[in-house]
Amino acid sequence: MAENVLAIYPGTFDPITLGHEDIVRRAAQLFGRVIVAVAAGHHKKTLFSLEERMEMVREACKPYPQVQVESFSGLMRDFVVARGGKAMLRGLRAVTDFDYEFQLAGMNRHLMPEVETVFLTPSDKYQFISSTFVREIASLGGEVDKFVSANVQQRLTAKLALQKG
């Protein structure tokens, strides 16, 4: 384990999925400290508010004492540098993620040459899960219990019920 290395795992987490949780678990085994950085989501319209997403992520990260949850807005670079991060974690689900993530890693290397991008893949059973799919399936009345924790499923059901009025 890289005990003195702080890794940052950024994302919108709208909502956090079992795939995200698997990445957090793997990261907690590799790094001395991990910050799950929840993006304010200025570039995306989110289903859940920033505070709701933070609460769900905090709940998911409870088993890992070395994992903190923080929010950020603006450039990820500023967040990582201000906290002394040495690694930025990115999850790769499939080849389709790779092109975007490869470009992002290259841009981040220019913005933060002292920070390494580390790609982690979730377990096979989570590789196809995305927050977008989870939201869509749930909004159409489908079951999402195999893709998110019970806590997230309850929040998703309640949020969608409120929207339908």
Side-chain angles (χ1 to χ4, degrees), residues 1-136 147-149 152:
M1 179 191 315
E3 292 186 24
N4 296 325
V5 177
L6 169 62
I8 312 281
Y9 179 31
T12 308
F13 305 106
D14 186 40
I16 188 168
T17 68
L18 294 177
H20 293 130
E21 291 184 36
D22 192 47
I23 296 293
V24 170
R25 181 184 60 74
R26 290 166 187 271
Q29 293 173 346
L30 293 171
F31 298 97
R33 286 184 44 227
V34 177
I35 296 176
V36 179
V38 182
H42 67 279
H43 62 292
K44 292 182 179 179
K45 180 170 176 10
T46 58
L47 175 64
F48 291 98
S49 70
L50 176 58
E51 193 50 46
E52 290 169 322
R53 290 181 284 127
M54 296 276 297
E55 288 170 8
M56 287 185 282
V57 174
R58 279 189 191 110
E59 180 70 27
C61 293
K62 271 186 183 174
Y64 313 105
Q66 73 274 41
V67 177
Q68 298 170 249
V69 180
E70 295 184 32
S71 65
F72 77 96
S73 60
L75 281 178
M76 170 53 51
R77 176 209 176 277
D78 297 338
F79 182 88
V80 172
V81 170
R83 280 151 187 81
K86 294 297 177 202
M88 188 153 68
L89 303 174
R90 300 296 297 172
L92 283 178
R93 293 175 302 221
V95 175
T96 52
D97 286 345
F98 184 77
D99 188 47
Y100 171 77
E101 293 295 343
F102 184 78
Q103 290 176 39
L104 187 61
M107 186 60 68
N108 283 330
R109 187 169 293 118
H110 284 285
L111 295 172
M112 307 176 284
E114 67 286 354
V115 176
E116 292 296 330
T117 299
V118 177
F119 296 111
L120 296 175
T121 58
S123 293
D124 295 348
K125 62 185 173 183
Y126 303 130
Q127 285 189 351
F128 60 91
I129 301 172
S130 78
S131 295
T132 303
F133 288 158
V134 167
R135 288 191 313 270
E136 190 168 327
F147 313 131
V148 296
S149 68
V152 171

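Counting heavy atoms from C-beta on, the side chains of R90 and P10 come closer than 4.5 Å. In this structure, V24 and V34 have side chains that are not in contact, with every pair of non-hydrogen atoms separated by 4.5 Å or more. Side-chain atoms of V115 and N108, non-hydrogen and from C-beta on, never get closer than 4.5 Å to each other. Two residues are said to be in side-chain contact when any heavy atoms from C-beta on lie closer than 4.5 Å; F13 and V36 meet this criterion.
Using cut-offs of 30° and 60° on the angle between ring planes, the pair F128 and F147 is perpendicular.
Scanning all heavy atoms of the two residues, the minimum distance from S71 to F79 falls at O-CE1, 3.6 Å. Nearest heavy-atom pair, A37 versus I8, reported as atom, atom and distance to 0.1 Å: CB-CG2, 3.9 Å.
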_Go through it in stages, so that I can follow the logic: the residues are T17 and F133, the test is side-chain contact (heavy atoms from CB on, under 4.5 Å), and I'd like the CA-CA distance, side-chain angles, deciding distance and then a yes or no._
CA-CA 10 Å; T17 68; F133 288 158; over 6 Å; no
_Walk me through whether F31 and V118 qualify under side-chain contact (heavy atoms from CB on, under 4.5 Å)._
CA-CA 11 Å; F31 298 97; V118 177; 4.3 Å; yes
_With side-chain contact (heavy atoms from CB on, under 4.5 Å) as the criterion, how do V69 and M54 come out once you've worked through the C-alpha distance, each side chain's angles and the decisive distance to 0.1 Å?_
CA-CA 7 Å; V69 180; M54 296 276 297; 4.1 Å; yes
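The side chain to side chain contact (heavy atoms under 4.5 Å, CB included) test with P15 singles out one residue from R135, R53, H20, and that residue is R135.
The environment of CD in E70 is crowded: more than 12 heavy-atom neighbours from other residues, nucleotides or ligands sit within 6.0 Å.
The pair R58-E51 meets the salt-bridge criterion, since a charged nitrogen lies less than 4.0 angstrom from a carboxylate oxygen.
Between the side chain of E21 and the backbone N or O of I16 there is no donor-acceptor pair closer than 3.5 Å. Checking side-chain atoms of Q127 against main-chain N and O of P122 turns up a donor-acceptor pair under 3.5 Å. S123 places no side-chain N or O within donor-acceptor distance of the main-chain N or O of Y126, the cut-off being under 3.5 Å.
To the nearest 0.5 Å, atoms OG1 (T121) and CD1 (I23) are separated by 6.5 Å. Atom-to-atom distance recorded for Q103:CD and F98:CZ is 10.0 Å, nearest 0.5 angstrom. Interatomic distance, CZ of F72 versus CD1 of I35, reported as 11.5 Å (0.5 Å rounding). Interatomic distance, R109 CZ to T117 OG1, rounded to the nearest 0.5 Å: 6.5 Å. In this structure, S130 OG and D14 CG are separated by 11.0 Å, a value rounded to the nearest 0.5 Å. Here the CG-CE distance, from L6 to M88, works out to 12.0 Å after rounding to the nearest 0.5 Å.
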